[in-house]
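This one's a predicted model, so the numbers in the text were calculated from it and none came from an experiment. Chain letters run A, B, ... following the sequence lines, proteins first, then strands; residues in each count from 1.
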Amino acid sequence: MPNDYNVSRTLRRWYDTHRRALPWRDTRDPYRIWISEVILQQTRVAQGMDYYHRFLERFPDVRALADASEQDVLRLWQGLGYYSRARNLHAAARDVRDRFAGRFPTDYAAVRSLSGIGDYTAAAIVSFATGAPYAVVDGNVLRVIGRLFAIDTPTDTSAGRHLYNDLARSLLPPDQAGTHNQAIMEFGALQCVPRNPDCSVCPLVARCAAHAAGTPERFPVKQHRTKTVDRYFHYFYVTT
DNA sequence: ATCCTGTGCT
DNA sequence: AGCACAGGAT
């Protein structure tokens with residue numbers, strides 16, 4: 001078990017030279033981080049950019065968002081889809097205004113309690129804004145970790161979620177949480193991509209179990225059978 | 001553990 | 001047409 005943070009060091013070194021310059025990076029304002037994360041949950045960077053700028057211009061801080069009407073928020077959200085997320089955004093802003101005196105919280109439990117913020121978004125906001133040691137686990141992280149350790153347990157099971165969360169935590173250097181989280185996600189987005197990853201230029205190739213097995217694309221393993229399965233039962237009576 | 005949502009891929 | 005995605009909600 002590599003608890004020496006060498007993987008993290010490699011990821012952060014890679015991140016230094018390969019990271020994209022994005023407007024929501026290098027800000028410590030939890031409000032701005034929050035807006036960017038919610039937009040990015042459903043939109044590619046290229047298209048989310050315009051919405052991000054327009055949103056912040058119109059609602060520069062959480063109080064401006066809270067004091068706006070839901071109609072105004074939805075109008076600015078138009079074209080993004082997932083309108084319940086815009087409603088959650090607005091409701092959460094009012095919640096911050098009322099429960100936290102208009103100051104967006106940076107405490108994990110407080111952030112996590114807001115509408116539309118789950119484990120991933122809470123960890124992202126808190127670690128980016130303050131460096132607090134919460135490991136993000138999104139689709140990119142699942143792929144990087146699934147491949148690094150060639151994990152056969154499906155991601156969408158309780159055992160899988162537990163395992164992935166534990167591994168994500170084990171890779172996280174407590175004093176570099178924000179940078180590490182950004183680095184591992186960017187690495188998944190640009191280098192350890194879902195299809196045809198170019199492992200020949202990967203700085204972790206020597207430590208990657210999936211590459212060693214020759215099947216990086218097999219990971220992460222999923223189960224996701226919402227599909228109805230036909231089951232046939234054979235039963236019989238026993239009479240005396 | 002299952003459902004929800006709009007987009008884009010196959 | 002049907003499914004995968006990606007998080008959150010229930």
Side-chain angles (χ1 to χ4, degrees), chain A residues 22 24 30-52 54-55 65 70 73-96 104-105 108-129 134-147 151 153-165 167-169 181-182 184-197 216-231:
Chain A
L22 300 174
W24 45 82
Y31 172 72
R32 290 176 172 243
I33 295 167
W34 172 49
I35 299 300
S36 73
E37 288 299 333
V38 174
I39 289 176
L40 261 45
Q41 278 173 15
Q42 66 208 46
T43 311
R44 312 268 173 207
V45 165
Q47 209 219 342
M49 194 84 78
D50 293 334
Y51 282 91
Y52 175 77
R54 264 183 277 153
F55 212 87
L65 181 58
E70 189 180 86
V73 177
L74 288 173
R75 223 187 320 278
L76 230 63
W77 201 260
Q78 199 163 355
L80 272 179
Y82 297 96
Y83 294 98
S84 66
R85 288 179 180 169
R87 290 194 183 87
N88 282 336
L89 217 56
H90 186 234
R94 298 203 154 179
D95 211 11
V96 169
F104 200 96
Y108 182 88
V111 173
R112 179 65 177 77
S113 76
L114 297 168
S115 300
I117 297 185
D119 291 334
Y120 162 74
T121 307
I125 292 171
V126 169
S127 70
F128 298 168
Y134 292 90
V136 294
V137 182
D138 72 344
N140 290 316
V141 174
L142 290 177
R143 192 165 54 256
V144 173
I145 289 179
R147 287 176 179 173
I151 295 172
T153 312
T155 57
D156 50 355
T157 60
S158 47
R161 275 187 287 275
H162 223 104
L163 177 57
Y164 276 89
N165 286 339
L167 287 168
R169 265 194 296 274
N181 281 337
Q182 304 249 30
I184 191 169
M185 288 196 287
E186 188 78 333
F187 185 79
L190 299 182
Q191 168 62 44
C192 195
V193 293
R195 281 185 244 277
N196 298 318
E217 283 197 18
R218 195 162 74 77
F219 303 94
V221 173
K222 296 174 192 187
Q223 188 117 92
H224 217 219
R225 80 270 200 208
T226 302
K227 266 190 145 93
T228 45
V229 177
D230 292 329
R231 303 181 65 186

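- Summarising the geometry, the separation between CH2 on W34(A) and P on dG8(C) is reported as 13 Å, rounded to the nearest angstrom.
- Every residue two or more places apart in sequence or in another chain that forms a side-chain contact (heavy atoms from CB on, under 4.5 Å) with N140(A) is listed here: D138(A), R143(A), A189(A).
- Proximity note for Q41(A) (side chain, C-beta onward) versus dA1(B), dG7(C), dC5(C): the nearest is dG7(C).
- Taking every heavy atom of residues 135-142 of chain A and every atom of DNA chain C, pairs under 4.0 Å involve D138(A), G139(A), by number.
- By the salt bridge (Lys or Arg N to Asp or Glu O under 4.0 Å) test, R161(A) is found to be paired with no residue, residues two or more places apart in sequence or in another chain being considered.
- Take S36(A) and apply the side chain to side chain donor-acceptor pair (under 3.5 Å) test, not counting sequence neighbours, and it matches no residue.
- For the side-chain contact (heavy atoms from CB on, under 4.5 Å) test, residues two or more places apart in sequence or in another chain that qualify with Y82(A) are Q42(A), R85(A).
- Put simply, CZ on R161(A) is 7 Å from P on dA1(B), counting in whole angstrom units.
- What separates CD of Q223(A) from C1' of dC3(B) is a distance of 17 Å, to the nearest Å.
- Proximity of residues 114-129 of chain A to DNA chain C (heavy atom under 4.0 angstrom from any strand atom) is restricted to S115(A), G116(A), I117(A), G118(A), D119(A), Y120(A), T121(A).
- We find the OG1-CG distance between T43(A) and L80(A) to be 4.5 Å, quoted to the nearest 0.5 Å.
- Here the straight-line distance linking atom CD1 of I125(A) with atom CZ of F104(A) works out to 4.5 Å at 0.5 Å rounding.
- Partners of L74(A) by side-chain contact (heavy atoms from CB on, under 4.5 Å), not counting sequence neighbours, listed by chain and number: E70(A), Q71(A), Y83(A), A86(A), R87(A).
- Scanning for salt bridge (Lys or Arg N to Asp or Glu O under 4.0 Å) contacts around R54(A) gives an empty result, with sequence neighbours left out.
- At whole-Å resolution of the value, CG in L40(A) and P in dC5(C) are 18 Å apart.
- Considering only residues two or more places apart in sequence or on other chains, R94(A) meets the salt bridge (Lys or Arg N to Asp or Glu O under 4.0 Å) condition with none of them.
- In this structure, E37(A) has no salt bridge (Lys or Arg N to Asp or Glu O under 4.0 Å) partners at least two apart in sequence or on a different chain.
- Distance CD1 (I39(A)) to P (dA6(C)): 18 Å, rounded to an integer number of Å.
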Nucleic acid footprint by protein, nucleotides 4-10 of chain B - heavy-atom cut-off 4.0 Å, B for base, S for sugar-phosphate alone: -BB----
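- Listed by chain and residue number, D107(A) satisfy the side-chain contact (heavy atoms from CB on, under 4.5 Å) test with A109(A) (two or more places apart in sequence, or in another chain).
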